[in-house]
Participant: 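Sharing a structure with you now.
Order of the sequence lines fixes the chain letters, A, B, ..., with proteins taken first and strands second; residue numbering starts at 1 for each chain.
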Amino acid sequence: MSTVSSRTETASHADVELWIRMYRQMTAIRLFEERVNELYTRALMPGLAHLYIGEEAVAVGVCEALRREDYITSTHRGHGHCLAKGASPDRMFAELLGKAAGYCKGKGGSMHIADPSTGNLGANAIVAGSVPIATGAAFSSKYLGNGRVAACFFGEGALGQGVVYEEMNLAQLWKLPVIYVCENNLYTEYTHVSETLAGDILARAKSVGMAAETVDGQNVRAVHEAAAKLVERARAGEGPSFLCCNTYRFHGHHVGDINREYYRSKREEQDWKKERDPLAVHAAWLVAQKHADAAQLEQIEAEVKAEIAKAVEFAINAPYPNQEEVDRDVYA
Amino acid sequence: MSTVSSRTETASHADVELWIRMYRQMTAIRLFEERVNELYTRALMPGLAHLYIGEEAVAVGVCEALRREDYITSTHRGHGHCLAKGASPDRMFAELLGKAAGYCKGKGGSMHIADPSTGNLGANAIVAGSVPIATGAAFSSKYLGNGRVAACFFGEGALGQGVVYEEMNLAQLWKLPVIYVCENNLYTEYTHVSETLAGDILARAKSVGMAAETVDGQNVRAVHEAAAKLVERARAGEGPSFLCCNTYRFHGHHVGDINREYYRSKREEQDWKKERDPLAVHAAWLVAQKHADAAQLEQIEAEVKAEIAKAVEFAINAPYPNQEEVDRDVYA
Amino acid sequence: MSTHEVVTREITFAEAIREALAEEMRRDSRVCILGEDVAEAGTPFKVLSGLVEEFGTGRVIDTPISEAGFTGLGVGAAMTGIRPVVDIMFGDFITLTMDQMVNQAAKIHYMSGGRWKVPMVMRTTLGAARRSAAQHSQSLHAWFSHVPGLKVVLPSTPYDAKGLLKEAIRHENPVVFFEDKMMYKMKGPVPAEDYTIPLGVADVKRAGEDITFVATSSMVQVALGAADLLAEIGISAEVVDPRTTWPLDEQTIVESVKKTSRAVVLDEGYERYGVTAELAALIAERAFYDLDGPVRRMGAMHVPIPFSPPLEDATIPTPQKLFELAREMCGRS
Amino acid sequence: MSTHEVVTREITFAEAIREALAEEMRRDSRVCILGEDVAEAGTPFKVLSGLVEEFGTGRVIDTPISEAGFTGLGVGAAMTGIRPVVDIMFGDFITLTMDQMVNQAAKIHYMSGGRWKVPMVMRTTLGAARRSAAQHSQSLHAWFSHVPGLKVVLPSTPYDAKGLLKEAIRHENPVVFFEDKMMYKMKGPVPAEDYTIPLGVADVKRAGEDITFVATSSMVQVALGAADLLAEIGISAEVVDPRTTWPLDEQTIVESVKKTSRAVVLDEGYERYGVTAELAALIAERAFYDLDGPVRRMGAMHVPIPFSPPLEDATIPTPQKLFELAREMCGRS
Ligand SMILES: Cc1ncc(C[n+]2csc(CCOP(=O)(O)OP(=O)(O)O)c2C)c(N)n1
Ligand SMILES: Cc1ncc(C[n+]2csc(CCOP(=O)(O)OP(=O)(O)O)c2C)c(N)n1
Ligand SMILES: [Mg+2]
Ligand SMILES: [Mg+2]
């Protein structure tokens, strides 16, 4: 595991700004997802959604290491990635509610949000479905020489899919600027990772000769530092890498997954929430290091809350797409 | 690489019999394939065929470590596996010529020969196509507790296919009695392995925690010894394993691949043929160790040649299937 | 209506599936289930709840997210003495299993000259309307129906689901079994006794005189709904459910249309190059001289299924739309 | 016959494909080729010979045997500024790419509300008769034709091959391009000048009065062969080649049948739930009142393609079989 270097003493203004920004971004994801859950509970959201609560440090740590024009691909659990890469909550909520103002005109929904303006190639409802796409984006970057990097988020469950190994082999053969970010939250739906993955996760990447490391996915600075190094490497033409982030989803597999004791204990959940909440971990560190005080963090929370509330309001009041939209955008 | 233990001094009668039988089997494959090439050249064989010449020690070394009721799965380059597992040349030639007396009534042809009576689940024209099938056979063996083992042959090219990694993960998770035999002959059709595989072959198996080793695929005793150990392991319930056999195909990718210099040098081919012909290597050893003399080996060759000639004759004279056969066997 | 007499209880479609599996697993120890979250979770649809408790994790087996991997493993297992029932959670994921099902399972019996066989079942789902968007809403059964060597089952009632699934499990060939996700909670009469329904026998779900609706799976309910509406205006519609797209009971379909002289074919897959095309072509050929007018087709609109509710709803046939079409075809518009 | 005037040379189908690629690669540096043995080997069919020499291994790229992998990579590359032409050696291997093509390539434009697009081409093959047996002989284009978001091209002449491939490469949507392996050596006139053929425009390959053959790809030659035989007995057959199954030029097909009042549809895929079903259903619906008798279908026999030559030959439509069918349909049997 990488450890976070202690730059406390010499923290620059830019560092502090980054750390505060990361706190704000994680807060935005947390509050966004809480409202998603509420929209579901109030039967205002069509379908289901997979909440990112508990895993915020991964998306934020990685995306803060990227430039706006860099690419990401995302998963069914994709709101966090989308926000972290810079999307606005209002158009995201609109998408989740199937409204015309959504990022995809309401045609994609929670599992397919995409946004070219922030380099988000899209969430994907096929487990591992976005792994080839991220690799292809990295192929383009290299082919066009435009210096962009692609970060590919996926759950540890995606390691069950063969195409991941095909892509890692291709990326390594061709030295493509892609970072495979494995969010190991210990479960694929309702099944523990020990029942679905044999051997060692990192060894799978290393077997093709790829640089690979594990990081504490609940520590946003640790994630960020590891990601920044790998992004730099990729941008310098040194090829792909694999970053395994150990994390945990605090809620159910999706908003409707309420009774979970048949697959994991309440105790386990409580331990993670109490000991390893990425927001709490980072907040405590910021305060301890005197980069922020409690009031400042509360202020951030209040600002974000207001923004999210406005975004929800916008989405609820936004109109559905016209019926004629149904057969538009099938072909470009 | 495993090395062959030197049991010369203490060689039992059974050992010597085995070594001689392995020589006979390799000779049968060699002569069989030479006749296949000739049938193609004389335009007596429909379609194409992929010759196993140069790789005989792999099939023979592995199959001599199996029981008749054990399973194998095979590839487009499958005649060697089929013969080594105990099929008769006459029905094989008949299949290659599309005759009713063929193992598959002429419906399968070279790339699909299968034979339940020797546990041959079939050659497969989809690269890596038989890897799941072998794994499934091993699943059955474990489920039914019948003690059978499955050996799964594939070329190193199959490592490009994701499904191989899915199967290795499943086999290791469930401790299935399957041995993945990778025939690394350095080429996938017309492309060198260095262009298609990144990293290390064995590491790919080891990454799921699987036992894995490499062996000199031109030395039939080395292959056999390694395979016997892995088969024993599998039969004892200790799970799957991976055996990488370094080998070389002496001829083209298929019978029509004549001019090969654009992808590999004549020199390379000659070196392999001269230094590392599995028949020559084994014959020399048998003679040096006084397990056989030249006359005995010539005698074997003559016997096999006569058998093969009869088999070809049989196949040429055999009738094609009746037209009514065309829509039979679609459903059981 | 089905021709069976012994109707004792009402159970849901999901229960019918579960009963079929439980009974066949009790009857034959070689039957096992492989799939994602099939054991303790009993699938996300809870269709398999309780099975792992009775049969254990040795027979109700959770897999990694490896659709190609465990389907292919199922093929090899079926060849060697097991009768696996492979569970593909969403029909959209059959994309990942096409090589295993089409190049392997479907062809092995034939390629081996009849020497190996592949007695496996793939259970999967179809159907839109769950607000699940384009990658979780497809009805792709036309692909498998196109492939010789496979059989394809599309039950539309709990009764059919149970009888057809039991038959599929006992069958010697690879069978793909498509369940409409929206139908799991639908109730219907199912006998407690053991029964099976042969593959390739259509069922006339409602008898009628004026127009024939040939409808599969979820679309049977749409057809029955439209038939009710039509009855109110004095039009008598016959609803024929082929139950299996392959083998296809051509005779029952063609005879119905010869009687009514009008036909609409309905299927939740895309119309284009889909099941409605085959059914329409069949009827147009074999009932040519009895048809009053062209056979009409209703299927999913030719677009990826949209997420937004008003858009998604526009892509699926409804009883009302069918009612209007049929009324027009019967000269009553 | 094609409507172009400038016909200067005879080249083979394979040369036409190669020229199309070379010209588009010269015109647009974003066009590249990904596939197995495409570079120095120029594919096993030698269709791409010479391209790597001109464009280098940076643009004509040998891949591992990872059909899903490099197809999916192509999707991502197409979204981000490259125009990849992905080469799937045998059409049978599209089984491995279905998720990439159907769940990703076909849907991304729609799912993103029109914000991303996927301008890629998949080139692959179809057709039996090469004694290659069941896993190397299929014609599976009906699957892709069923899927909204994809376009599907089936050229039948060197002229069409070149013009349609150039169009496909310039196109903003994912296009699947099926080449009949048996046609690579067929020669035909192709202008030296730059030209493209729009997708969705059928071509009347031979004009006639008495019967319409709607035929795709390899089956166009079968139809033309039968038309020659029929001409000898005074029957005039029109041969319509849709050239793309999606978009489908319904009007040209329907108008031809309205004129001749008889139709046979031919396609080398399986008849059942295949391209012939769609074409027959279309004609039966839209030319209903002009048809003299039922539309007839000819496709591959519904069996895995056998290896043995006499069996394989029995599975494929031939000019003779079509001739006999047409003669009977025209009342001359
Ligand atoms: C190909 C495919 N198979 C199955 C599913 C159903 N499914 C959705 S999410 C999920 C679990 C994914 O687990 P993981 O990749 O670890 O991501 P997490 O949900 O833990 O973030 C499954 C099985 C799917 N969407 N796609
Ligand atoms: C899925 C698939 N892709 C491509 C091919 C075409 N093909 C046949 S053999 C071959 C090379 C196989 O190489 P390898 O696995 O190393 O076996 P070898 O021929 O060297 O024995 C290829 C690409 C195929 N048959 N199946
Ligand atoms: Mg997970
Ligand atoms: Mg090889």
Side-chain angles (χ1 to χ4, degrees), chain C residues 67-68 92-104 106-107 109-111 133-135 138 140 142-149 245-246 248 265 269-289 291 293-297 301-304 306-307, chain D residues 67-68 92-104 106-107 109-111 133-135 138 140 142-149 245-246 248 265 269-289 291 293-297 301-304 306-307:
Chain C
E67 282 82 2
D92 311 72
F93 311 157
I94 63 167
T95 51
L96 294 159
T97 70
M98 295 307 282
D99 198 66
Q100 310 310 323
M101 293 305 290
V102 173
N103 281 331
Q104 311 299 342
K107 295 179 172 45
H109 188 64
Y110 190 85
M111 293 192 304
Q135 293 175 339
Q138 293 165 91
L140 296 172
W143 288 352
F144 284 142
S145 308
H146 185 49
V147 177
T245 49
W246 196 259
L248 182 62
V265 296
Y270 295 120
E271 269 174 47
R272 291 300 188 164
Y273 302 93
V275 166
T276 62
E278 179 62 37
L279 297 175
L282 167 73
I283 295 169
E285 180 170 345
R286 298 218 9 221
F288 184 80
Y289 298 100
L291 280 172
V295 181
R296 301 293 292 272
R297 298 152 67 183
M301 190 185 286
H302 206 66
V303 304
F307 167 70
Chain D
E67 281 83 2
D92 311 71
F93 311 157
I94 63 166
T95 52
L96 295 159
T97 69
M98 295 308 281
D99 197 65
Q100 310 311 323
M101 294 305 290
V102 173
N103 281 330
Q104 312 299 343
K107 295 180 171 46
H109 188 64
Y110 190 85
M111 294 192 305
Q135 293 174 339
Q138 292 166 92
L140 296 172
W143 288 351
F144 284 141
S145 307
H146 184 50
V147 176
T245 48
W246 197 259
L248 182 62
V265 296
Y270 295 119
E271 268 174 48
R272 291 299 188 165
Y273 303 92
V275 166
T276 63
E278 179 62 36
L279 297 175
L282 168 73
I283 294 168
E285 180 170 345
R286 300 217 10 220
F288 183 82
Y289 298 100
L291 279 173
V295 181
R296 301 294 293 273
R297 296 153 67 184
M301 191 184 287
H302 207 64
V303 303
F307 167 69

Participant: Go through it in stages, so that I can follow the logic: the residues are C:E285 and D:R297, the test is side-chain contact (heavy atoms from CB on, under 4.5 Å), and I'd like the CA-CA distance, side-chain angles, deciding distance and then a yes or no.
Facilitator: CA-CA 9 Å; C:E285 180 170 345; D:R297 296 153 67 184; 4.2 Å; yes
Participant: Looking only at heavy atoms, what is the nearest atom pair of C:A106 and D:P304, with distance?
Facilitator: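 Closest pair (atom of C:A106, atom of D:P304, distance): O-CG, 4.3 Å.
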Participant: Within this structure, what is the CD-CG distance for the pair D:E271 and C:L282, rounded to the nearest 0.5 Å?
Facilitator: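 D:E271 atom CD to C:L282 atom CG measures 11.5 Å (nearest 0.5 Å).
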Participant: May I ask you to name which of C:Q138, C:K107, C:M101 has the most heavy-atom pairs under 4.5 Å with chain D?
Facilitator: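 Highest number of pairs under 4.5 Å: C:K107.
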Participant: For the CD1 atom of D:I94 and the CE atom of C:M98, what is their distance to the nearest 0.5 Å?
Facilitator: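 One gets 8.0 Å once the value is rounded to the nearest 0.5 Å.
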Participant: Please classify the contact of D:A134 with chain C as side chain, backbone, both or neither, using a heavy-atom distance under 4.5 Å.
Facilitator: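 Both the backbone and the side chain of D:A134 come within 4.5 Å of chain C.
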Participant: With only heavy atoms counted, which part of D:V265 is less than 4.5 Å from chain C, the side chain, the backbone, both or neither?
Facilitator: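 Neither; nothing under 4.5 Å.
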Participant: Applying ring pair (Phe, Tyr, Trp, His ring centres under 6.0 Å), can you list everything that pairs with D:F144, at least two apart in sequence or on another chain?
Facilitator: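 Scan of D:F144 (ring pair (Phe, Tyr, Trp, His ring centres under 6.0 Å), adjacent residues dropped) gives none.
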Participant: To the nearest 0.5 Å, how far apart are CG in C:L96 and OG1 in D:T95?
Facilitator: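 So the gap between those two atoms works out to 11.5 Å.
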Participant: Non-hydrogen atoms of chain C under 4.5 Å away: do they reach the side chain of D:F288, the backbone, both or neither?
Facilitator: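 Answer is side chain: those atoms of D:F288 sit under 4.5 Å from chain C.
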Participant: Which residues pass the side chain to side chain donor-acceptor pair (under 3.5 Å) test with D:T245, sequence neighbours left out?
Facilitator: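 If we apply the side chain to side chain donor-acceptor pair (under 3.5 Å) test to D:T245, skipping adjacent residues, the hits are D:S145.
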Participant: Is a side-chain donor or acceptor of D:N103 paired with a backbone partner of C:D92 at a separation under 3.5 angstrom?
Facilitator: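 Side chain of D:N103 to backbone of C:D92, a donor-acceptor pair under 3.5 Å: yes, one is there.
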Participant: Indicate the atoms forming the closest heavy-atom contact of C:Y289 with D:P294, along with that distance.
Facilitator: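 Answer, listing the atom of C:Y289 first, then D:P294: OH-CD, 3.5 Å.
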Participant: For chain D, which candidate among C:G269, C:P306, C:A142 shows the most heavy-atom pairs at distances under 4.5 Å?
Facilitator: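 Of C:G269, C:P306, C:A142, C:P306 has the most heavy-atom pairs under 4.5 Å with chain D.
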Participant: If you count heavy-atom pairs within less than 4.5 Å of chain C, which of D:L291, D:V295, D:V303, D:D99 leads?
Facilitator: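 Option with the top pair count is D:D99.
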Participant: In terms of heavy-atom pairs under 4.5 Å with chain C, which of D:G293, D:A133, D:A280 leads?
Facilitator: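 Looking at each of D:G293, D:A133, D:A280 in turn, D:G293 comes out on top.
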Participant: So, for C:L248 and D:R272, which heavy atoms are closest and what is the spacing to 0.1 Å?
Facilitator: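 The answer is CD2-NH1, 4.1 Å.
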Participant: With only heavy atoms counted, which part of D:F307 is less than 4.5 Å from chain C, the side chain, the backbone, both or neither?
Facilitator: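 Looking at D:F307, nothing touches chain C.
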Participant: Rounded to the nearest 0.5 Å, what separates atom OH in D:Y273 from atom OG1 in C:T276?
Facilitator: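 Result: 10.5 Å between the selected atoms.
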Participant: With a 4.5 angstrom heavy-atom cut-off, is it the side chain or the backbone of D:Q100 that approaches chain C, or both, or neither?
Facilitator: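 Contact with chain C involves no heavy atom of D:Q100 at all.
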Participant: Between C:M111 and D:Q135, is there a side-chain heavy-atom distance shorter than 4.5 Å?
Facilitator: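 Yes. Closest side-chain heavy atoms under 4.5 Å.
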Participant: Chain C heavy atoms under 4.5 Å from D:Y270: which part of the residue, side chain, backbone, both or neither?
Facilitator: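 For D:Y270, the contact with chain C is made by backbone and side chain together.
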